[in-house]
There are 2 protein chains.
Amino acid sequence: MKKKITLKHIARELGVSISTVSKALKNSEEIGADTKEKVQAFAKLYNYKPNNIAISLKNKRTKNIGVIIPDIVHHFFTTVFRGIEKYANAKGYNVIVCVSDESFDREVINMELLANGSIDGFIMALSAGTQLKNDYNHLKEVTEQGIPLVLFDRVTEDIKCDKVIINDKKGAYNAVTKFIKDGRKRIAMITTEDYFSVSRERAAGYRDALSDNGIAFNEDLILKFPSMTIDEKVIEDFFNREKVDAVLSVNEIFAIHSMRLVQSKGLKIPEDISFIGFTDGLLSKYASPGLTAVAQHGEHMGEIAAEMLIEKVESELEEETYTTRVLEPTIIERGSTVN
Amino acid sequence: MKKKITLKHIARELGVSISTVSKALKNSEEIGADTKEKVQAFAKLYNYKPNNIAISLKNKRTKNIGVIIPDIVHHFFTTVFRGIEKYANAKGYNVIVCVSDESFDREVINMELLANGSIDGFIMALSAGTQLKNDYNHLKEVTEQGIPLVLFDRVTEDIKCDKVIINDKKGAYNAVTKFIKDGRKRIAMITTEDYFSVSRERAAGYRDALSDNGIAFNEDLILKFPSMTIDEKVIEDFFNREKVDAVLSVNEIFAIHSMRLVQSKGLKIPEDISFIGFTDGLLSKYASPGLTAVAQHGEHMGEIAAEMLIEKVESELEEETYTTRVLEPTIIERGSTVN
DNA sequence: AATATTACCGAAAACGTTTTAGTAGCCTTC
DNA sequence: GAAGGCTACTAAAACGTTTTCGGTAATATT
């Protein structure tokens, strides 16, 4: 087993001091040409690579960024993650991921763990538990320590930091407007409880689009699920009870389930009823018919988040200016709506 | 901004030595009760948390494990990752993820980056590029340095290390056997080129099942794609040319595409043609009809990989015994096959 | 009263690196 | 021939811990 070689080993072997070796490897002007050559050759021969941990301790910079997301088996989050990873990697940063599993406690634990020197900054989307509890002290602590933080997608007004979100309201607004243009009258919305910031925004867009087009808001056309899990029965009851000709869903799963259900009842998509779902994921693409989707551009969002974070990490001055980047959603039209 | 407090600060503030503070916080017997109390109270008040980096440098243990996967926006890999993260987290480890993007070069770069002290061990699935190039020197270097390595799913015989795979051959064998039991005669296989270890195994299982049941292998019924991307036209030609009544696909995407195609040609699933796909992901679940799938139990695989790795990391002795865990695949029956 | 024991605490090294502040030795220069 | 200026190097501190080894009182033992 070849053990890792250090500056000390090289110094001893070559009969010079550690500082000489360090400088020689950095091609410092202070060191004579022959010594430099000797050291560099030796280092190459023994494949010397500086120890990251020691450098981190010295510079108080880890070149790691911490990402905390509610779930990793989730198309949107992985897409954002890919953007983060890509950008960070290109800038020489590594990414440490922790999954909060939608739990407040796990979010707090993971944050505290990473905040003790392991990372230079955080990128995160709030867990459901945290949004429900509405407790952001763990975020506050971190920012007060001067650790940069970027929130994406699931954000909160309560914390002053950089944020990047998509214009969920506008996404919903555009989707509903499209339905109306297509002549739809009874437009339903399938959503979750309001403690998700995104659900709130989308609901607002839905209402605005209706009222801007002179359609009365009808509470009966809103189907709310308490969590991300679906109750097949509830969906069935809803579609048996209400006559709807268009459905806006806050996620793919709800949309796909509903589509299958109405199809099994003999309705034709998009002739009898059309669908638009949030998040342009695999399911939307491969459903039959394809599900028209509000694309959230996760990868781009991730890149921007990483860019904002690294910018803050590398800027020495601690300005207290925080910006929120709002990305524009786009509608990807597929077979579930008339084009 | 509250800066992080260190042992030195506490020591100076309380007029004791650093070692005393360190020991007091560990509740050492060497320290007097009143001093301990004083130190602990002060530490709690100022929310002292030891610096992870310093501890890592001291112990030569980072409590980080490096995961390198070909793609993160991929259901199977994220599932495995969830298993890894769960187990590792429970054991007090963090996970650093790097994405090779199926590229040999990026796999090498990421490995070298992490191998310089950032992690205690690796868990990885080989990139397509690496398998194609058949060059495993970067893995060899790492293992020679005594850094534990666990390969999963996409593995190689050329490296001596712990591995965890599913019995791909048996998965394919069982799937094909099921087709035959259901009375299918012309069983096609949609796969990728052979340099993926998994594709090779699955092809072997396919052939074995045929021959064990006295069905002649027919090269014409094998559709091979050079990569993960699909050419719609090629699929169409294939199904126009060959009359098949069952299809085994090495992944979901190929299967879903084919299903949509044959459905558009008026064939009924599963009456006229049945389908089984590898990887029990979202698409299989939500396709119509649902796609019968060979489940790979990714999360379990991830847990096992993490368990094997941490076991090696924490065992001082460097035994040279490596084991390969083979997980059994199971078939999840859905509407794409007759039950 | 001399010695042994205990309780409590501190100094210092170590992990591997970077960087500041020197310090030799040699060469100019007037 | 002394002052100054280079060149080429080294010592040592620092980052924040942990841990070993001592050391010094106070107390206990003979």
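Sequence lines set the chain letters: A, B, ... in the order given, protein chains first and strands last, and positions in each chain run from 1.
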Value in whole Å for how far the [atom2] atom of [N] lies from [atom1] of [X]:
{"X": "A/Arg61", "N": "C/dT19", "atom1": "CZ", "atom2": "P", "answer": "13 Å"}
{"X": "B/Glu29", "N": "C/dC9", "atom1": "CD", "atom2": "C1'", "answer": "15 Å"}
{"X": "B/Asn27", "N": "C/dC8", "atom1": "CG", "atom2": "C1'", "answer": "15 Å"}
{"X": "A/Lys23", "N": "C/dT18", "atom1": "NZ", "atom2": "P", "answer": "11 Å"}

N/O-N/O pairs, protein side and nucleotides 14-17 of chain C side, under 3.5 Å:
| unit_1 | atom_1 | unit_2 | atom_2 | d |
| --- | --- | --- | --- | --- |
| C/dC15 | OP2 | A/Lys8 | NZ | 2.9 |
| C/dG16 | OP1 | B/Lys60 | NZ | 2.9 |
| C/dT17 | OP1 | A/Tyr48 | OH | 2.5 |
| C/dT17 | OP1 | A/Asn51 | N | 3.2 |
| C/dT17 | OP2 | A/Leu7 | N | 2.7 |
| C/dT17 | O5' | A/Tyr48 | OH | 3.4 |

- How bent is the helix from C/dA1-D/dT30 to C/dC30-D/dG1, comparing axes over its five end pairs at each side, to the nearest 10°? 80°
- Query: Going from OH on B/Tyr136 to OG1 on B/Thr156, what distance comes out if it is rounded to the nearest 0.5 angstrom?
  - Reply: 4.0 Å
- Message: Once rounded to the nearest 0.5 Å, what's the spacing between atom CD1 of B/Ile96 and atom CG of B/Asn94?
- Response: 8.0 Å
- Side-chain donor or acceptor of B/Asp120 paired with backbone N/O of B/Thr62 under 3.5 Å: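 Yes, B/Asp120 side chain to B/Thr62 backbone: donor-acceptor pair under 3.5 Å.
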- Are any side-chain N or O atoms of B/His9 and backbone N or O atoms of B/Thr6, one a donor and one an acceptor, separated by less than 3.5 Å? yes
- Query: With the threshold set at 4.0 Å, does a side-chain nitrogen-carboxylate oxygen contact exist between A/Asp158 and A/Lys140?
  - Reply: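 Here A/Asp158 does not pair with A/Lys140 in a salt bridge, since their nearest N and O are not under 4.0 Å apart.
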- Using 4.0 Å as the upper bound for N to carboxylate O, is an ion pair formed by B/Arg82 and B/Glu303?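 The answer is no: the pair does not qualify as a salt bridge.
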- Task: Give the intermediate values and the outcome of side-chain hydrogen bond (donor to acceptor under 3.5 Å, both in side chains) for residues A/Ser17 and A/Thr20.
- Result: CA-CA 5 Å; A/Ser17 78; A/Thr20 303; 2.9 Å; yes
Quiz item: [X] side-chain donor-acceptor pair to [N] base, under 3.5 Å:
{"X": "A/Ser17", "N": "D/dA11", "answer": "no"}
{"X": "B/Glu30", "N": "C/dC9", "answer": "yes"}
{"X": "A/Ser19", "N": "D/dA11", "answer": "yes"}

- Item | A/Ile123: which of A/Leu149, A/Val164, A/Ile65, A/Val95 passes side chain to side chain contact (heavy atoms under 4.5 Å, CB included) | A/Ile65
- Output field: ring centroids A/Phe42/A/Tyr46 closer than 6.0 Å: yes
- Considering only heavy atoms from C-beta outward, does the side chain of A/Val67 approach that of A/Phe122 to under 4.5 Å?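 Result no, sub-4.5 Å side-chain heavy-atom pair not found.
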- Could you list by number each residue of residues 31-45 of chain B showing a heavy-atom separation from DNA chain D of less than 4.0 Å, or answer none if no residue does? none
- Please state whether the rings of A/His74 and A/Phe77 are parallel, tilted or perpendicular, taking 30° and 60° as the class boundaries. tilted
